[in-house]
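Hydrogens, waters and symmetry mates are skipped; everything else that's a heavy atom, side chains included, is used. Everything numeric here is computed off the predicted structure, so don't read it as measured data.
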Amino acid sequence: QVQLVESGGGLVQAGGSLRLSCAASGRTFSSYRMGWFRRPPGKEREFVAGISRSGSRTYYSDSVKGRFTISSDNAKNTVYLQMNSLNPEDTAVYYCAADPRGGSLLDEYDYWGQGTQVTVSS
């Protein structure tokens with residue numbers, strides 16, 4: 001079991017930046033692949049970014065590639081999502097997810113945080 005708590009969401013103007021954090025507790029953090037997903041208003045939850053257990057491999061959806069950066073600090077049991085050049089289409093509830101299988105698909109993750117709202121104004 002692992003518990004995930006996201007933080008760092010908020011309201012930002014277009015072109016601005018935010019950094020989301022996801023603190024994990026429970027079983028060994030380094031056993032899990034981590035991912036960030038988001039659910040825009042009225043849409044399905046979608047993959048944003050993922051990171052391997054060691055943190056050496058990262059991958060992104062096309063919509064955020066080059067603007068968002070996922071990273072992890074295993075000593076702090078925390079994964080981050082640095083979001084730059086935000087635009088209104090990035091408005092969503094952002095979720096952190098963990099699983100030993102984790103990839104880019106929702107059903108590859110068994111553990112989820114409660115989500116944090118990100119709103120980008122134009």
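Among residue pairs with one or both ends in residues 111-122, none qualify as salt bridge (Lys or Arg N to Asp or Glu O under 4.0 Å); sequence neighbours excluded. Note on residues 108-122: pairs passing salt bridge (Lys or Arg N to Asp or Glu O under 4.0 Å), not counting sequence neighbours, are Arg101-Asp110. Here salt bridge (Lys or Arg N to Asp or Glu O under 4.0 Å) pairs that include residues 40-55, with residues two or more places apart or in two chains, are Arg38-Glu46. Counting only residues at least two apart or on different chains, the ring-ring contact (aromatic ring centres under 6.0 Å, His included) pairs with a member in residues 50-85 are Phe47-Tyr59. Residues in residues 59-78 take part in these salt bridge (Lys or Arg N to Asp or Glu O under 4.0 Å) pairs, two or more places apart or across chains: Asp62-Lys65, Arg67-Asp90.
Heavy-atom minimum distance, Val2 versus Ala24: CG2-CB, 4.0 Å. Residue Ser52 comes nearest to Ser56 through the heavy atom pair OG-N, 3.3 Å, listed as atom of the first residue, atom of the second, then distance.
Hydrophobic clustering (side-chain heavy atoms under 4.5 Å, transitive across Ile, Leu, Val, Met, Phe, Trp, Tyr) keeps Tyr95 apart from Leu20. Under the 4.5 Å side-chain heavy-atom criterion for Ile, Leu, Val, Met, Phe, Trp and Tyr, Val79 and Leu4 are members of the same hydrophobic cluster.
Every residue meeting the side-chain contact (heavy atoms from CB on, under 4.5 Å) condition with Glu89, not counting sequence neighbours, appears here in chain and number order: Asn87. Applying the side-chain contact (heavy atoms from CB on, under 4.5 Å) test to Val12 and every residue at least two apart in sequence or in another chain returns Leu18, Leu86, Val120. Qualifying side chain to side chain donor-acceptor pair (under 3.5 Å) partners for Ser17, counting only residues two or more places apart in sequence or in other chains: Asn84. Every residue was checked against the side chain to side chain donor-acceptor pair (under 3.5 Å) condition with Ser104, not counting sequence neighbours, and none meets it. Shown here are the side chain to side chain donor-acceptor pair (under 3.5 Å) partners of Arg19, two or more places apart in sequence or in another chain: there are none. By the side chain to side chain donor-acceptor pair (under 3.5 Å) test, Thr58 pairs with no residue at all, sequence neighbours left out. Under the side-chain contact (heavy atoms from CB on, under 4.5 Å) criterion, Ala97 pairs with Phe37, Tyr109, Trp112, not counting sequence neighbours.
Note that OG of Ser71 and CE of Met34 are 11.5 Å apart. Values are rounded to the nearest 0.5 Å. Rounded to the nearest 0.5 angstrom, Leu106 CG and Asp99 CG are separated by 12.0 Å. If you take OH on Tyr111 and CD on Gln3, they are separated by 9.0 Å, rounding to the nearest 0.5 Å. Atoms CD and SG, on Glu6 and Cys22 in that order, are 5.5 Å from each other to the nearest 0.5 Å. With rounding to the nearest 0.5 angstrom, the CG atom of Leu81 is 6.0 Å from the CH2 atom of Trp36.
The backbone N or O of Asn74 sits nowhere less than 3.5 Å from a side-chain atom of Ser72 that would complete a donor-acceptor pair. Put simply, the side chain of Gln114 never gets that close to the backbone of Val5: no donor and acceptor are under 3.5 Å apart. Looking at Thr91, its side chain never comes within 3.5 Å of a backbone N or O of Thr119 through a donor-acceptor pair.
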